[in-house]
Each structure stands twice: as C-alpha cells, then as structure tokens.
Protein chains: 2
Amino acid sequence: MNIGTASERSNLPSKTIRYYEEIKLVKPARAQNGYRDYCDADIHRLRFLQRSRSLGFSIEECRTLLSLYEDKNRASSDVKALALEKITEIDRKVEELQGLRNTLHALAENCHGDDKPDCPIIDDLARKF
Amino acid sequence: MNIGTASERSNLPSKTIRYYEEIKLVKPARAQNGYRDYCDADIHRLRFLQRSRSLGFSIEECRTLLSLYEDKNRASSDVKALALEKITEIDRKVEELQGLRNTLHALAENCHGDDKPDCPIIDDLARKF
DNA sequence: GCTTGACCTTCCAGTGACTGGAACCAACAT
DNA sequence: ATGTTGGTTCCAGTCACTGGAAGGTCAAGC
C-alpha cells in the first residue's frame, strides 16, 4: 500500500507519516521501485498514533504508549498512570487559560470600544508594577 | 541600564530580551563598551511585552498592541477587537482540552489499573474506525 | 511510443518563541 | 594579577511538523 492510501486510511498527512518514519515510529517495507509499502499493521500503528496525538500525548508519550500497546505483558496501571498524569496536565492548562480569559474579559468589559484613544486594556498592559 | 537589570525589572530572561531586539521589538541604545543600555521607556516596553505575552498574545499580536499603545490616536475599538478575538480563541482551546480531558477520564475510569495486561485505554487508542 | 498528470522519492529550509552553549571581552573586588 | 560576574556574538537545538524544489515512477489517453 502506497503512502497516499496510508495517509487516507490513517487520517494523517503523508508528510507526517514520513516524519514518523524518520523518528522511527513506523517502519514500512519498501517496494522494488523504492516506494514505501504499508501493511495493515503499519496502518494500525499510524491510526494509534493519530488518535493518541489528537488526545494530546506528545510524540515521546506516544512512543511509550505504542510500546505498551505492543507489550503483551504490560500492566494496565502503567497506561493508567500516563493517562492520569495527562489529565492533571490538561486541568492545569485549562485553569491557566480560564485565568487569562477572565482577565481579558474583565478588561474588555471596561473598554467602551469606540473611536477614542482611551483604552483600559492598553492601560493595563502598560501599567507599572 | 545593563541587560541584567532590565531583565530583573521586566521579569524577562536576558536571552528573551536579546531575542526581542533581534526581531525589532525593543531597540536599546549601546554604551561605549558595546553593552546594551536600556532606558525607562525600554523597560516600559519590555514589561508591556511580558504582560501581553503572558496574557496569551502572540509576538505579532504584541507588536500590534505595542504600536497601538504608542499610537496616540488609536481607537480603543481596535484593541477591544483583538482582545475579544483572543477570548474566542481561548474559549475554543478550553473546550477542546475539556473534550480531551473527558475522554481520557472516561477511559481511565474503566481501567482497573492493575498488573494485568487488560487495558481499555490502550484498546481505545488501538480501536478500528 | 509519447505525453500528461498524479503520485512518489530525497533533501533542505522554515515555523514560533525562545533556550543552551561556546568563545570571547569588560568591569570590578581582592 | 587574578577571579568572578556579567556582558557580547553566533550557532545549534527544541517540538512536531510543513513547504518546496528537483527529480523518479506509473497508468491512462492519443
């Protein structure tokens, strides 16, 4: 199976798939013409990567997950630990973003948003500490 | 004022300050010995940048905000528009993160997290579409 | 048989916003 | 005179791709 088909089936751009090969995440066979030749197991790995990346795992975390996936003797606790860690990380990020959001919102509330140069948002950014 | 002092006063690492000079955000004078020499207005700009960056504006947005800040005839509506756009963007990001969080949470809930290889998180990542 | 176009290959450069490190120069305390 | 601290420049690395150039391959249509 050529890379174009692999791309369609995994929902990943060809460029990304080549990149994943470069960093040794997926190693397809090569056809005689030099084209990459993906088997079903490769597609499976690619989809696994697509999904775990979209769930916010970093490439290195995906590498770990993939090896856990392929380790028949893995402990589910290892995977759970990674997931829980990720949840904490997401919670932290959400909190931070909501803080920013609230600050910006408060500033925008106080800004009449007209033609005049008077602007509390700018004033806040420029405030002395 | 040397870069070290500027760094303390603006709460930005020296490296970052030099980088901001490279991309033409802050252009300090130079002392005779070649050292960067920051005046109060420079510090003001640096703090403005520190604060707007920490509020989640990109460098290019900061550049815009800075020019609006220094434009005595700016309309406050211009600034407000940028802030509101940023809020929308943050809301989108928060929603996305919460989606991820919920998915991960649901998966972790169903995972007993023991020594056995059985793991619903991995199963989900590996699921066929 | 030839051309066209889609698809594949490699390799190099760029993104954003820094960060780390090497090699060197300046200022100041002891 | 020497050591420490703090400047300077420049180059490389980060993360996870993405874009583009230059060229090879394949199937279809004329």
Side-chain angles (χ1 to χ4, degrees), chain A residues 1-39 42-43 45-66 86 89-90 93 96-97 100, chain B residues 1-39 42-43 45-66 86 89-90 93 96-97 100:
Chain A
M1 187 188 320
N2 283 349
I3 199 170
T5 316
S7 166
E8 270 173 44
R9 296 224 191 146
S10 63
N11 214 15
L12 286 169
S14 310
K15 278 274 186 192
T16 303
I17 298 180
R18 286 196 199 97
Y19 172 68
Y20 286 173
E21 181 178 357
E22 196 187 321
I23 61 174
K24 298 177 188 17
L25 276 177
V26 175
K27 310 132 187 140
R30 292 290 177 139
Q32 292 205 321
N33 57 12
Y35 286 18
R36 287 167 181 84
D37 187 12
Y38 295 88
C39 66
D42 292 331
I43 302 301
R45 287 174 72 95
L46 287 172
R47 288 216 283 231
F48 186 102
L49 287 166
Q50 191 282 326
R51 179 133 179 84
S52 41
R53 284 290 296 129
S54 80
L55 277 175
F57 290 98
S58 75
I59 288 285
E60 286 317 307
E61 285 166 335
C62 290
R63 200 189 294 279
T64 304
L65 285 170
L66 207 45
K86 210 72 207 165
E89 204 180 309
I90 291 174
K93 224 176 266 179
E96 191 189 335
L97 283 175
L100 295 186
Chain B
M1 187 188 320
N2 283 348
I3 199 170
T5 316
S7 167
E8 270 172 44
R9 296 224 190 146
S10 62
N11 213 16
L12 285 169
S14 308
K15 277 275 186 192
T16 302
I17 298 179
R18 287 197 198 95
Y19 172 68
Y20 286 173
E21 181 179 357
E22 195 187 322
I23 61 173
K24 297 178 188 20
L25 275 177
V26 175
K27 308 133 191 141
R30 291 290 176 138
Q32 291 205 319
N33 56 11
Y35 285 18
R36 286 167 182 82
D37 185 14
Y38 294 88
C39 66
D42 291 330
I43 302 301
R45 286 174 73 94
L46 286 173
R47 288 216 282 233
F48 186 102
L49 287 166
Q50 192 282 327
R51 179 132 178 84
S52 41
R53 284 290 296 130
S54 79
L55 276 175
F57 291 97
S58 75
I59 288 285
E60 285 318 306
E61 285 166 335
C62 289
R63 201 189 292 280
T64 304
L65 284 169
L66 207 46
K86 211 72 207 166
E89 205 180 307
I90 291 174
K93 225 175 266 177
E96 191 189 333
L97 284 174
L100 295 186

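Here is the naming used below: chain letters follow the sequence lines, and residue numbers restart at 1 for every chain. The figures here come from the full heavy-atom set of this structure, side chains too, leaving out hydrogens, waters and symmetry mates. Values in this document were obtained by computation on a predicted structure and should not be read as measured data.
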Are more than 12 heavy atoms from other residues, nucleotides or ligands located less than 6.0 Å from atom CZ of Arg9(B)? no
Closest-nucleotide mapping onto DNA chain D: is Glu60(A) or Ile3(B) further toward the 5' terminus? I mean the 5' end. Ile3(B)
Name the nucleic acid region contacted by Ser58(A), choosing base, sugar-phosphate or nothing; use a 4.0 angstrom heavy-atom cut-off, strictly under. sugar-phosphate
Check the distance between dC7(C)'s P and Ile17(A)'s CD1 and give it to me in whole angstrom. 14 Å
Could you state the atom-to-atom distance from CG of Asn2(B) to C1' of dA26(C) in whole Å? 10 Å
Given salt bridge (Lys or Arg N to Asp or Glu O under 4.0 Å), test Glu21(A) with Arg36(A) step by step and report yes or no. CA-CA 10 Å; Glu21(A) 181 178 357; Arg36(A) 287 167 181 84; 2.4 Å; yes
Side chain proximity check, Ile3(A) to Arg18(A), heavy atoms < 4.5 angstrom: yes
All N/O pairs under 3.5 Å across the protein-nucleotides 1-5 of chain C interface:
none

Phosphate contact (dC18(C) OP1 or OP2) by Arg18(B) side-chain N/O below 4.0 Å: no
Shortest non-hydrogen contact between Pro28(B) and Asp42(B), atoms and distance: CA-OD2, 3.8 Å
Using a cut-off of strictly less than 4.0 Å, decide whether Arg36(A) has a side-chain nitrogen or oxygen near OP1 or OP2 of dT9(C). yes
May I ask you to test the Ser10(A)-Ile17(A) pair for a side-chain heavy-atom distance under 4.5 Å? yes
Within this structure, what is the CD-to-P distance between Glu22(A) and dC11(C), rounded to whole angstrom? 10 Å
Closest approach of Leu65(A) to Ser52(A) (non-hydrogen atoms, all atoms of both residues): CD1-CB, 4.2 Å
Bend angle of the helix from dG1(C)-dC30(D) to dT30(C)-dA1(D) from five-pair axes at both ends, rounded to 10°? 30°
In whole angstroms, how far is the C1' atom of dT9(C) from the CG atom of Asp37(A)? 15 Å
From CD of Glu8(A) over to C1' of dC7(C), roughly how many Å is that when rounded to an integer? 12 Å
Report yes if the side chains of Leu66(B) and Arg45(B) come closer than 4.5 Å at any heavy-atom pair, otherwise no. yes
Would you mind reporting whether Arg63(A) and Ile23(A) have side-chain heavy atoms less than 4.5 Å apart? yes
Test item: Pro13(B) and Thr16(B) side chains (from C-beta on) under 4.5 Å apart, heavy atoms: yes
Taking any atom closer than 4.0 angstrom to a non-hydrogen atom of chain A, what span of DNA chain D does the protein reach, first nucleotide to last? dA16(D) to dC26(D)
Are side-chain heavy atoms of Phe57(A) and Thr64(A) found at a separation under 4.5 Å? no
Take Leu25(B) and Leu49(B) through the test side chain to side chain contact (heavy atoms under 4.5 Å, CB included) and record every step on the way to the result. CA-CA 9 Å; Leu25(B) 275 177; Leu49(B) 287 166; 4.1 Å; yes
Which atom names give the shortest non-hydrogen contact between Ser58(A) and Arg53(A), and what distance separates them? CA-NH1, 3.7 Å
Nucleotide dC8(C), atom P - distance to CD of Gln32(A) in whole Å: 18 Å
Of Tyr35(B) and Ile59(B), the one whose closest DNA chain C nucleotide lies more 5': Ile59(B)
Spacing between Leu55(B) atom CG and dA17(C) atom P, to the nearest angstrom: 15 Å
From OH of Tyr19(A) over to C1' of dT15(C), roughly how many Å is that when rounded to an integer? 13 Å
Quick check: on DNA chain C, is the nucleotide nearest Leu12(B) upstream (toward 5') of the one nearest Lys15(A), or the reverse? Name the residue that is more 5'. Lys15(A)
